[in-house]
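One structure below.
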There are 2 protein chains.
Amino acid sequence: MTKVSSDFKVSVLQTSCRNCSLSSLCLPKDLVSTEIKELESIVSQLPPLNKHGHIFSQGENFSSLYVVRSGCVKKYQVDAEGNEQVNGFSLPGELLGIDAIGTGRYMSSAEALDTTSYCQLKYSKFEELCEKIPGLIKHILKMAGQELVAEHDIHKAISQKSIDERVAVFFTSLSTRLRILGYSGSEFNLPMSRHDIANFLGMQPETFSRSLKKLITDNLIDVNLKNIRIKDQDNLRLLAGHCETCPSNKVMNG
Amino acid sequence: MTKVSSDFKVSVLQTSCRNCSLSSLCLPKDLVSTEIKELESIVSQLPPLNKHGHIFSQGENFSSLYVVRSGCVKKYQVDAEGNEQVNGFSLPGELLGIDAIGTGRYMSSAEALDTTSYCQLKYSKFEELCEKIPGLIKHILKMAGQELVAEHDIHKAISQKSIDERVAVFFTSLSTRLRILGYSGSEFNLPMSRHDIANFLGMQPETFSRSLKKLITDNLIDVNLKNIRIKDQDNLRLLAGHCETCPSNKVMNG
DNA sequence: GGTGCATGTTGATTTTAATCAATGTCATCA
DNA sequence: TGATGACATTGATTAAAATCAACATGCACC
């Protein structure tokens, strides 16, 4: 089977931030050459993880922030009773570990859903660098803000939207994020299981499955196992409740 | 009627960060005197708002972060169809506006539920100051992280927990936050309406009302209009962490 | 101190999604 | 390549909460 363009993979050969295909997402704007060098000096590109490998696990001591380079990462928490809550899915360019800065421990686990490469930023060095590179503060706060907006979106979706609407929200949001990364927004392969998506969207896997069926019969999407093809973006976004002028419908981390 | 200690009010007479009763929450640790002075120079204490007054409104251009000094603030978004989603309630010491840094516009509205005083931090000046005061970056990232953790908690609650459990989560969480502020964690007055709480917790007001009744008959709380008294912290917290799918808890529910 | 309106509660019914149970399908690996 | 187990779908039933409708209560404003 040939890979569609949205397998969430990028080349991982380069080791420089400057040449990284994600630099427009990952780096603050308008960095001068010396600043990029300084940033590169605190960024380590770690060996790629296989499926089920963990970038970090809930409860571990916080030391570094991470940026996804390729692949897809599941963020999740497990409570005392062993129940899992999927908090979201991180795509290339997205930052992991912000919520650990305050507590000193990772509050959630970050697991590769696929072969995943990523970069490490030692936090102690990062803090120093913030004082040297002005734009860096704004950049990380911007990324934190995006995460907050995404959380509000999913809060609203689970709180107020019907099952089919939530599924539409998931696909349209994923579609938008993939397009930003340069992939097809109309056809992509899901690296996560039905179980994980359902968990994230606050429903049972059976319910998610039935909703997929509904969206197919309504001619909004086509589904072939992991492969999703969006047939009617407009009506899918309409169902999702999407509205361009509405702040709550920006890109969502899920 | 005499005020109980948890009316979320603090004296608003002082104008210095140093003497502010919230300094332990609002300021980074270990600031030297000159640093506090610099911080004070960018913090303006604005005139208090009456009930329904807005600190900022969704869509307005971002310019400042705000810290609640006294009272209680409702964070909410309204979508194109006019549906409101309550994102949360901010108590004294909590920061507002982080999610606007990245987008340049406030993504939600912040409305006083009561007479509320607050401080303004011009963001442009704040960024400059971050370069001068090392701890400031960590402090704001810590507060952003706390907000993210809170969002994950509510996501999980709405996603997985039953109605009564969600209500228990709300009360125990509020109780904890009030105690940290030095108020009673076992008796307090709710500044927000049933409608707003229900909306925040992803349920209908009728359903919230019925759940309150249930918690009262189970002897976990007492309710007198806006006044809540927690009678059995232990079991309320147990309920808040309780999970449907956990076999040991299933039997007790009947 | 009424009057009117917003807020909150209660009851009956319907709708929705969870649960339970069975079956189907795919990928893995001997 | 066929057996195995994880993942996914489908159907029947139950449980939970939304909805609809009526009523009660408290509060703000005359």
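Numbers restart at 1 for each chain; the letters A, B, ... are given by sequence-line order, proteins then strands.
Taking a cutoff of 4.0 Å between a charged side-chain nitrogen and a carboxylate oxygen, E84(A) and K74(A) qualify as a salt bridge.
Shown here are the ring-ring contact (aromatic ring centres under 6.0 Å, His included) partners of Y118(A), two or more places apart in sequence or in another chain: Y66(A). For A150(B), the side chain to side chain contact (heavy atoms under 4.5 Å, CB included) criterion is met by no residue, not counting sequence neighbours. Under the side chain to side chain contact (heavy atoms under 4.5 Å, CB included) criterion, V223(A) pairs with R194(A), L212(A), I216(A), I221(A), I228(A), sequence neighbours left out. Taking the side chain to side chain contact (heavy atoms under 4.5 Å, CB included) definition, one finds that S209(B) meets it with nothing, sequence neighbours left out. For A110(B), the side chain to side chain contact (heavy atoms under 4.5 Å, CB included) partners at least two apart in sequence or on another chain are I55(B), F56(B), V73(B), L96(B).
Listed by first then second residue, pairs satisfying side chain to side chain donor-acceptor pair (under 3.5 Å) with a partner in residues 215-225 of chain B read K214(B)-D218(B), N219(B)-K231(B), D222(B)-R229(B), not counting sequence neighbours. Within the structure, every pair that satisfies the salt bridge (Lys or Arg N to Asp or Glu O under 4.0 Å) test and touches residues 87-97 of chain B, not counting sequence neighbours, is listed here: E94(B)-R177(B).
Here dA17(D) presents its C1' atom at 11 Å from CG of D164(B), a figure rounded to the nearest Å. In this structure, L212(B) atom CG and dG8(C) atom P are separated by 10 Å, rounded to whole Å. Summarising the geometry, the separation between CZ on F208(B) and C1' on dT10(C) is reported as 16 Å, rounded to the nearest angstrom. A straight line from NZ of K161(B) to C1' of dA17(C) spans 19 Å, rounded to a whole angstrom. Atom CD1 in I163(A) sits roughly 17 Å away from atom P in dA16(D) (whole-Å rounding). Summarising the geometry, the separation between CG on N224(A) and C1' on dA8(D) is reported as 13 Å, rounded to the nearest angstrom. When the P atom of dA17(C) is taken as reference, atom CD1 of I158(B) falls 15 Å away, rounded to whole Å. Residue N199(B) contributes atom CG, which lies 14 Å from atom C1' of dA18(D) at whole-angstrom precision.
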Protein N or O to nucleotides 23-30 of chain D N or O, pairs below 3.5 Å:
none

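Distances were taken from every side-chain heavy atom of Q204(A) (C-beta onward) to each of dG8(C), dA18(C), dT9(D); the shortest belongs to dA18(C).
Between R210(B) and dT10(C) there is no side-chain N or O to OP1 or OP2 distance below 4.0 Å. Distances shorter than 4.0 Å separate none of the side-chain N or O atoms of S193(A) from OP1 or OP2 on dC7(D). Proximity of K213(A) to the phosphate of dT9(D): no side-chain N or O atom is located under 4.0 Å from OP1 or OP2. Residue T207(A) places none of its side-chain N or O atoms closer than 4.0 Å to OP1 or OP2 of dA17(C).
Remark on the helix from dG1(C)-dC30(D) to dA30(C)-dT1(D): inter-end axis angle 50°, axes from five-pair C1' superpositions, rounded to 10°.
In this structure, I98(A) and L95(A) approach most closely via the heavy-atom pair CD1-CD2, 3.5 Å.
For E206(A) against dC20(C), a side-chain N or O and a base N or O form a donor-acceptor pair under 3.5 Å.
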